[in-house]
Amino acid sequence: QKEVEQNSGPLSVPEGAIASLNCTYSDRGSQSFFWYRQYSGKSPELIMFIYSNGDKEDGRFTAQLNKASQYVSLLIRDSQPSDSATYLCAAVGEGGSARQLTFGSGTQLTVLP
Amino acid sequence: EAGVAQSPRYKIIEKRQSVAFWCNPISGHATLYWYQQILGQGPKLLIQFQNNGVVDDSQLPKDRFSAERLKGVDSTLKIQPAKLEDSAVYLCASSLRTGHEQYFGPGTRLTVT
């Protein structure tokens, strides 16, 4: 069974600091990885995706992928109180035609003013 | 570009009643997904359509849940009869193709009493 594991948190960082969110996955065949942000009472919002080993930067967000270690992370630089949300990590495998997206349970981030 | 539309946004029913949810994906997106998200957990895939065909319904409780996407565009998810444990947020998402990034609608919050 494919699993995506995240620390549930809560993770608290002061405003302006770097928030580091981590995720591991069990399916070695997984090829695509996604980070979603979910505010309380809202639906998930896609913020980053990464397919290749290494880093991918988009504004204050950097996604990091290490397929050998089956590890994905999201760094948020200059964290703002508006970044306070639950961050969901998700992975897509290569199994068959379905290529199902498997989500972790999310890490709750609080940025303290 | 319009996002994924869902209705209703909220629904309260008694156990053993039936309920239906509607979803209209982003224009041009061939793949449509229905997820169930229980509080504190990541979304769990119920069913995945590619155009009007089902490609994965392995986690759909088929004794009470059904879904269709007859013309390859909008979709309905039905629960009949509902149980208390069906209380959750039902999310619809769409993507250009299977395995690509998914975009979520606002969700329907179902409460079964």
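In what follows, chains carry the letters A, B, and so on, assigned in the order in which the sequence lines appear, proteins first and then strands, with residues in each chain numbered from 1.
Atom CG of B/Leu39 has 12 or fewer heavy atoms from other residues, nucleotides or ligands within 6.0 Å. Surrounding NZ of A/Lys67 are more than 12 heavy atoms belonging to other residues, nucleotides or ligands, all under 6.0 Å away. Residue B/Lys71 places its NZ atom among 12 or fewer non-hydrogen atoms of other residues, nucleotides or ligands, all under 6.0 Å distant.
For the pair B/Gln102/A/Tyr36, a side-chain contact is recorded, criterion being any heavy-atom separation below 4.5 Å from C-beta on. You'll find the side chain of B/Leu45 stays beyond 4.5 Å of the side chain of A/Phe103, heavy atoms only.
B/Leu32 and B/Leu77 fall within the same hydrophobic cluster, where Ile, Leu, Val, Met, Phe, Trp and Tyr residues are linked whenever their side-chain heavy atoms come under 4.5 Å apart, directly or through other members. Following chains of ILVMFWY side-chain contacts shorter than 4.5 Å, one cannot reach B/Leu60 starting from B/Trp22, and the two form parts of different hydrophobic clusters. In the hydrophobic clustering of ILVMFWY residues, with side-chain heavy atoms under 4.5 Å counting as a link, A/Val111 and A/Leu21 come out together. Under the 4.5 Å side-chain heavy-atom criterion for ILVMFWY residues, no single connected hydrophobic cluster contains both A/Phe34 and A/Tyr25. Cluster membership check: A/Val72 shares its hydrophobic cluster with A/Val4, using side-chain heavy-atom separations under 4.5 Å among Ile, Leu, Val, Met, Phe, Trp and Tyr.
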Mind running side chain to side chain contact (heavy atoms under 4.5 Å, CB included) on B/Tyr33 and A/Leu101 for me, showing each step along the way? CA-CA 10 Å; B/Tyr33 315 79; A/Leu101 189 65; 5.9 Å; no
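Residue pairs meeting the ring pair (Phe, Tyr, Trp, His ring centres under 6.0 Å) criterion with at least one partner in residues 39-71 of chain B, sequence neighbours excluded, are absent.
Only the side chain of B/Gln37 comes within contact range of chain A, with at least one heavy atom under 4.5 Å from a heavy atom of that chain.
Pairing each heavy atom of A/Tyr51 with each of B/Glu101, the nearest pair is OH-OE1, 3.3 Å. Between B/Pro43 and A/Leu88 the shortest heavy-atom distance is CD-CD1, 4.0 Å.
Of all residues spanning residues 38-49 of chain A, those with a heavy atom less than 4.5 Å away from chain B's heavy atoms are A/Gln38, A/Gly41, A/Ser43, A/Pro44, A/Leu46, A/Phe49, arranged by number.
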